[in-house]
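Report on the following structure.
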Amino acid sequence: QGIVYPAGNYTGSPCVAVPFTIPDQSDSMLYLAFPEYFFQTYSFAYYTAGAFNITIAEETCSYFNISTEIFGSIIPEITKYSVTPYPVMLKLMATEIPIISLEQDSFTVEIQGSMEVFAVLPDSTNQSLFTTNIAANTSISLNIFDQKLMASLCLNR
């Protein structure tokens, strides 16, 4: 079993390791087994380090053409505060440790977070437009096709 922990002082993980067994098979030269505990401590270490906090800045948003005008068509109150279309900045952050669960043919990642949307004004200041909570549950399946490792991603909710 392996553990991943944040750099610096190790204070322990909130995750609990449980025993697991590896099926007895002998038709391959190499078998790798990663317990759920490894992925849970990995998630904890990254959460503690702030790796799940992402800022999507003006340059990225302009690539996707996201502006206050687009959000104003979804949330009409934004147009009351922002008549002129401005680029936006998104701050995404996990509010809880993401939960990683292993299943027979895939693994599931559950993330609780929040997103704050800012208008980037001409004087380079940011004005908060709104904040929303996010809950996402995603399944990821790994398969080997033509000697390539392929991942299938499914947003469950």
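Closest approach of Ile134 to Met115, counting heavy atoms only: CD1-CB, 3.6 Å. Here the shortest heavy-atom pairing between Val88 and Val120 reads C-CG2, 4.2 Å. The minimum heavy-atom distance between Asn143 and Ser152, with the atom names listed, is ND2-OG, 4.4 Å. Contact detail for Ile100 and Glu36: the closest heavy-atom pair is O-CG, 3.6 Å.
With sequence neighbours left out, Glu103 forms a side chain to side chain contact (heavy atoms under 4.5 Å, CB included) with Ser106, Thr108. Not counting sequence neighbours, Ser124 has no partner by the side chain to side chain contact (heavy atoms under 4.5 Å, CB included) test. Residues passing the side chain to side chain contact (heavy atoms under 4.5 Å, CB included) test with Phe52, sequence neighbours excluded: Ser43, Tyr46, Tyr47, Ala94, Pro98. Contacts of Ala135 classified as side chain to side chain contact (heavy atoms under 4.5 Å, CB included), with partners at least two apart in sequence or in another chain: Gln112, Arg157.
Within the hydrophobic cluster formed by Ile, Leu, Val, Met, Phe, Trp and Tyr side chains joined at under 4.5 Å, directly or through other members, Phe145 is accompanied by Met150.
Between the side chain of Thr125 and the backbone N or O of Leu121, no donor-acceptor pair lies under 3.5 Å.
Put simply, CG on Leu129 and CZ on Phe118 are 8.5 Å apart, with the number rounded to the nearest 0.5 Å. Atom CG of Leu142 sits about 5.5 Å away from atom CG of Leu149, to the nearest 0.5 Å.
The side-chain hydrogen bond (donor to acceptor under 3.5 Å, both in side chains) pairs that include a residue from residues 128-137 are Glu116-Ser128, Asn137-Asn156, where partners are two or more places apart or lie in different chains.
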